[in-house]
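Read through the structure below, which is laid out as structure tokens, and then see the notes.
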Amino acid sequence: METAVAPVQWVGALDRGHLKMLDQRLLPAEEHWHEMSTYAEVADGIRDMVIRGAPAIGIAAAYGVALAARVLAVEAERDEIEEKLEDVYDHLSKTRPTAVNLFWAIERMKRTVAESSELDAPALVARLFEEAEAIFTEDRDNNLRMGRLGADLLPEGAKVLTHCNTGGLATGGYGTALGIIRAAHAAGKLEHVWVDETRPYLQGARLTAWECMKDEIPCTLITDSMAAHFMKEGEVDAVIVGTDRVVANGDIANKIGTYGLAVLCKHHGIPFYVAAPVSTIDFEAQSGDEIPIEQRSAREVTHIKEQAIAPEGVQVAHPAFDVTPNTLVTAIITEEGVVEAPYRPNLAKLRES
Ligand SMILES: CSC[C@H]1O[C@H](OP(=O)(O)O)[C@H](O)[C@@H]1O
């Protein structure tokens, strides 16, 4: 039975309910859900990585817009709501810069408002909650399709290595790369998953290992520095990662450490697959050079929880993502199909989907 946990859940009636958000900073030790009723709370949750993962960030932002409209509708008429939502879009879009799903979801909510000019304020609020729910359920359905397509690429008895967390916690509740791993496991094709701990934020150790153990997927936690060794020992048949942004030429941004895995795969002749819903494709950006790379705090590198693991005042670099050139990508697995090089024309076909 699939036990993938969705990172957000709407609870209660639309007019009185709230958004539950699982605090992923506390996993695996504690499952704590925040109750959110304002877009500012949702924005803080995204910025502080209470919720993280490209699709999950987009879903949360969509609910943030709907919550904002609900508050505005108490006193404002429809047209004033549309005007005031501009500040909400701006506030949410400034939370994190790399995952394109955030901007994709905000734009989709903005388009929904523009296309609902005939609705009065209460009806507009209801329509926005409907759209946020659609973004959520479409993502999970896309994950399931992506999972099946990706699992078909793997050999029987596959030993797969993955990086960061791309499971239910990062999406609408099934996963992109971890969704493929889930599907392969369900099909009896998966022997083993090597789970990169993914320093410094430890999404692999804290989140992916937690999801795999809940689903009884055989996994081994390794430090990021061990990946090369296991590839050299012939213990890795494929690497599957998620992504925060695919651009028009097939370059991809993903959690820091991904580029190194792609180079290792090239050296060892191991397929390097990227799992990406179409919502993660930025068709406007032409190459990876255009992808904004989030720089996060020094403390996330120098401390684990409250324990310092480096001398106070040491200089720290913390790019949270890196860019892998399309030349190192074996295939991009989307819900619309498996995309191979040449990426620019083949990705462009997805634009109409
Ligand atoms: C389903 S793709 C998730 C993607 O997002 C992660 O970044 P973060 O944990 O900082 O939001 C990582 O890059 C994953 O591949």
Side-chain angles (χ1 to χ4, degrees), residues 4-8 21-25 27 45-61 95-105 135-136 139-140 142-144 146-147 150 161-182 195-208 210-211 224 239-246 252-262 272-282 288 291-297 300-301 318-324 329 332-335:
V5 177
V8 286
M21 186 182 286
L22 179 59
D23 193 332
Q24 298 186 37
R25 301 171 301 183
L27 291 176
I46 295 170
R47 182 186 307 106
D48 300 339
M49 294 180 73
V50 170
I51 191 168
R52 31 62 52 200
I57 288 172
I59 293 165
T95 51
R96 295 186 73 191
T98 305
V100 73
N101 299 66
L102 173 65
F103 311 99
W104 170 85
I135 289 173
F136 191 161
D139 185 72
R140 183 179 174 86
N142 291 341
N143 282 189
L144 291 168
M146 204 186 313
L161 186 144
T162 195
H163 193 69
C164 198
N165 174 258
T166 59
L169 292 171
T171 62
Y174 187 74
T176 59
L178 193 55
I180 291 171
I181 290 166
R182 273 198 167 93
V195 176
D196 268 2
E197 65 171 355
T198 316
R199 278 275 297 155
Y201 211 73
L202 301 176
Q203 292 95 326
R206 297 187 301 106
L207 307 178
T208 299
W210 183 75
E211 288 201 50
D224 303 332
V239 169
I240 310 178
V241 297
T243 178
D244 294 78
R245 193 180 302 224
V246 181
I252 68 112
N254 198 51
K255 185 51 49 192
I256 191 75
T258 300
Y259 171 56
L261 288 175
F272 179 82
Y273 296 123
V274 177
V278 174
S279 57
T280 307
I281 302 175
D282 178 354
I291 302 174
I293 300 298
E294 179 182 20
Q295 303 295 318
R296 290 192 67 89
S297 72
E300 287 176 0
V301 175
H318 186 188
F321 300 94
D322 57 27
V323 175
T324 299
V329 177
I332 299 171
I333 302 160
T334 78
E335 69 275 21

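We count ligands from 1, going down the list as the structure has it; atoms in each ligand are counted the same way. Only heavy atoms go into these numbers, but all of them, side chains included; no hydrogens, no water, no symmetry mates.
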So if I count the atoms of ligand 1 from 1 in the order they appear, which ones are less than 4.0 Å from some heavy atom of [X]?
X      : answer
Gly242 : 15 (O)
Thr243 : 2 (S), 15 (O)
Gln203 : 8 (P), 9 (O), 10 (O)

Can you tell me if Asn165 and Thr208 form a side-chain donor-acceptor pair at under 3.5 Å?
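Yes, side-chain donor-acceptor contact under 3.5 Å.
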Can you tell me if Ala54 contacts ligand 1 (heavy atom of the residue under 4.0 Å from the ligand)?
yes
Please write down residue, atom name and distance for the protein heavy atom closest to atom 15 (O) of ligand 1.
Asn254 OD1, 2.5 Å
Judged on heavy-atom distance to atom 6 (C) of ligand 1, which of Arg96, Arg52, His163, Arg296 sits nearest?
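Among Arg96, Arg52, His163, Arg296, the closest heavy atom to atom 6 (C) of ligand 1 comes from Arg52.
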From the candidates Thr176, Leu169, Asn143, Thr258, the one that places a heavy atom nearest atom 1 (C) of ligand 1
Thr176
Any N or O on [X] sitting closer than 3.5 Å to an N or O of ligand 1?
X      : answer
Asn165 : no
Asp244 : yes
Met49  : no

Determine whether the side chain, the backbone, both or neither of [X] has a heavy atom under 4.0 Å from any heavy atom of ligand 1.
X      : value
Lys255 : both
Phe321 : side chain
Glu294 : neither
Thr280 : neither
Pro55  : side chain

Measuring only between side-chain heavy atoms, which start at C-beta, is [X] closer than 4.5 Å to [Y]?
X      : Y      : value
Glu211 : Val5   : no
Asp224 : His163 : yes
Asp244 : Val100 : no
Val241 : Thr324 : no
Val329 : Phe272 : yes

Among Asp322, Asp282, Thr98, side chain to side chain contact (heavy atoms under 4.5 Å, CB included) partner for Ile291:
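Exactly one pass, corresponding to Thr98.
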Salt-bridge test for Glu197 and Arg199: reply yes if a basic N is under 4.0 Å from a carboxylate O, no otherwise.
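No, Glu197 and Arg199 are not salt-bridged.
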